[in-house]
Amino acid sequence: MYDLLIIGAGPAGLSAAVYGARANLQVALLEKGLPGGQMQNTTEVENYTGFKMIMGPELSQVMYEHALHLGVDYHTADVEKVELEGRIKKVHTTKGVFEAKALLIATGAEPKQLGAKGETEFRGRGVSYCATCDGAFFNEKRPGMDKGLIVVGGGDSAVEEGAFLTRFNKVTLIHRRDKLRAQPILQKRAFENPRMSFIWDSTVEEIIGDQAVTGVRVKNLKTGEVRELPANGVFIYVGMQPNTDFLAGSKILNEAGYIVTDETMKTSIPGVFAAGDVRDKGLRQIITAASDGAIAAMSAYHYIESQEDAKADPIG
Ligand code: FAD
Ligand code: NAP
């Protein structure tokens with residue numbers, strides 16, 4: 001039995017673990033993948049205060065070590081079901097059932113699929129959602145890798161990761177509108193990058209290939225014109241979706257599947273908290289996830305204290 005169980009070891013979960021452990025709580029993290037969450041799939045992080053630039057996997061590692069150093073238990077386990085009501089929270093995982101007095105859900109988000117024909121078929125054979133993981137495979141110096149790369153999307157991820165990919169190959173970014181959504185500083189860098197070009201008002205209708213991707217079929221949404229472009233790889237960055245399948249039907253979710261909390265990270269169920277990208281909120285960043293995690297851990301601490309007080313003094 002733990003005081004605080006945290007599902008997800010991204011920056012929200014890891015920061016919560018640090019704050020929980022420093023409040024003397026018995027804390028465990030349940031993580032199905034690598035510690036760090038989306039930071040593992042990020043190249044250069046330039047907006048986490050205190051670091052002019054740090055690579056995502058390195059920031060993941062130092063946060064993880066910080067939590068372990070404070071005595072936090074870490075379990076590699078995939079959470080399949082949770083029992084949220086009642087004083088004891090039960091979490092069913094691939095490694096058995098865990099119990100705690102309070103539960104923090106920090107399961108973040110994962111990339112959305114584009115829905116183009118060929119996307120599933122060529123996943124891992126030219127279609128990727130992670131430039132950090134796969135970019136180096138598409139080095140133009142390798143035989144046959146001379147067709148270039150396609151990036152789909154117009155947000156921070158598409159523009160930043162697209163710019164990173166120009167280290168390996170030339171990049172064409174395809175966006176469905178004629179304006180990027182990305183932060184101005186990222187846009188400026190991308191427009192100034194001679195290895196990056198743009199196709200506006202267009203969508204990728206189909207990813208084509210044989211053993212691996214050889215190109216894409218692109219439709220101009222204004223003219224209706226469809227044309228084929230050669231490519232060795234297609235990197236898809238069309239937004240994220242919350243990891244809340246294991247909460248299907250729960251009253252703490254909104255229509256889009258994000259968890260609704262107040263500003264102290266409390267959900268509508270006592271003893272259940274949420275932090276980071278999985279929350280219904282405005283700015284989804286590493287620093288805001290870390291901040292949510294700290295607030296959530298302290299809210300959990302106060303909740304556990306209040307439960308102990310009530311037990312010690314059932315009349316008062
Ligand atoms: P996540 O980082 O998503 O972590 C959630 C964790 O929960 C994951 O490790 C996942 O495996 C785990 N999990 C999910 N479901 C389960 C389950 N059922 N059981 C067990 N574990 C589970 N932000 C910045 O500030 N600066 C940047 O430069 C930046 N670059 C980015 C680049 C890319 C390509 C992307 C995709 C995002 C970037 N972001 C950046 C956004 C930032 O990474 C996220 O806002 C942040 O990681 C959210 O943290 P989190 O802890 O809420 O969730
Ligand atoms: P995002 O901001 O939701 O952007 C998704 C992009 O994909 C948008 O440009 C959108 O077009 C486009 N799109 C959505 N569905 C599409 C479809 N079906 N077909 C074609 N295009 C489609 O997602 P993101 O860029 O992954 O960013 C996610 C979060 O992480 C954001 O909060 C972001 O700020 C954060 N992040 C931060 C950094 C950083 O700080 N350096 C880096 C990466 C990510 P429209 O513009 O037309 O809607």
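Just the heavy atoms: all of them, side chains too, but no hydrogens, waters or symmetry mates, feed the values below.
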Please examine the side chains of [Y] and [X], heavy atoms only from C-beta on, and report whether any two atoms are closer than 4.5 Å.
{"X": "His66", "Y": "Leu70", "value": "yes"}
{"X": "Gln113", "Y": "Thr120", "value": "yes"}
{"X": "Ile6", "Y": "Leu30", "value": "no"}
{"X": "Leu247", "Y": "Ile259", "value": "yes"}
{"X": "Arg227", "Y": "Leu229", "value": "yes"}
{"X": "Pro111", "Y": "Met240", "value": "yes"}

- Just checking, Arg189 and Phe164: is the charged tip under 6.0 Å from the six-membered ring centre and within 45° of the axis?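 The answer is no, since Arg189 fails at least one limit relative to Phe164.
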Please check this pair: side chain of [X] against backbone of [Y], looking for a donor-acceptor N/O pair closer than 3.5 Å.
{"X": "Gln40", "Y": "Pro35", "value": "yes"}
{"X": "Glu228", "Y": "Arg217", "value": "no"}
{"X": "Glu119", "Y": "Leu114", "value": "yes"}
{"X": "Thr244", "Y": "Gly257", "value": "yes"}
{"X": "Thr267", "Y": "Val272", "value": "yes"}

So that I know where these two stand, are [X] and [Y] an aromatic pair - ring centroids less than 6.0 Å apart?
{"X": "Phe137", "Y": "Phe168", "result": "no"}
{"X": "Tyr19", "Y": "Tyr301", "result": "no"}
{"X": "His75", "Y": "Phe98", "result": "yes"}

- Task: State, without any angle test, whether Gln187 and Gln183 hold a side-chain donor-acceptor pair at a distance under 3.5 Å.
- Result: no
Of all the heavy-atom pairs spanning [X] and [Y], show the shortest one and how long it is.
{"X": "Ala231", "Y": "Ile150", "answer": "CB-CG1, 3.6 Å"}
{"X": "Asn139", "Y": "Asn169", "answer": "C-ND2, 4.3 Å"}
{"X": "Thr94", "Y": "Glu80", "answer": "CG2-OE2, 3.4 Å"}
{"X": "Arg176", "Y": "Leu221", "answer": "O-CD1, 3.7 Å"}

- Is the count of non-hydrogen atoms from other residues, nucleotides or ligands lying under 6.0 Å from Lys90 atom NZ greater than 12? no
- Item | Test log, rule side chain to side chain donor-acceptor pair (under 3.5 Å), inputs Thr107 and Asn243 | CA-CA 6 Å; Thr107 45; Asn243 287 319; 5.5 Å; no
- Could you state whether Met265 and Leu25 fall into the same hydrophobic cluster, counting links through intermediate Ile, Leu, Val, Met, Phe, Trp or Tyr residues with side-chain heavy atoms under 4.5 angstrom apart?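 In one cluster with Met265: Leu25, no.
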- Message: Holding to salt bridge (charged side-chain N to carboxylate O under 4.0 Å, His left out), I want the full list of residues that pass it with Lys281, two or more places apart in sequence or in another chain.
- Response: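 Residues passing salt bridge (charged side-chain N to carboxylate O under 4.0 Å, His left out) with Lys281: Asp292.
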- Message: As a test of understanding, state which of Val216, Ile236, Ile199 forms a side-chain contact (heavy atoms from CB on, under 4.5 Å) with Val204.
- Response: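 That would be Val216; it is the only one of Val216, Ile236, Ile199 passing the side-chain contact (heavy atoms from CB on, under 4.5 Å) with Val204.
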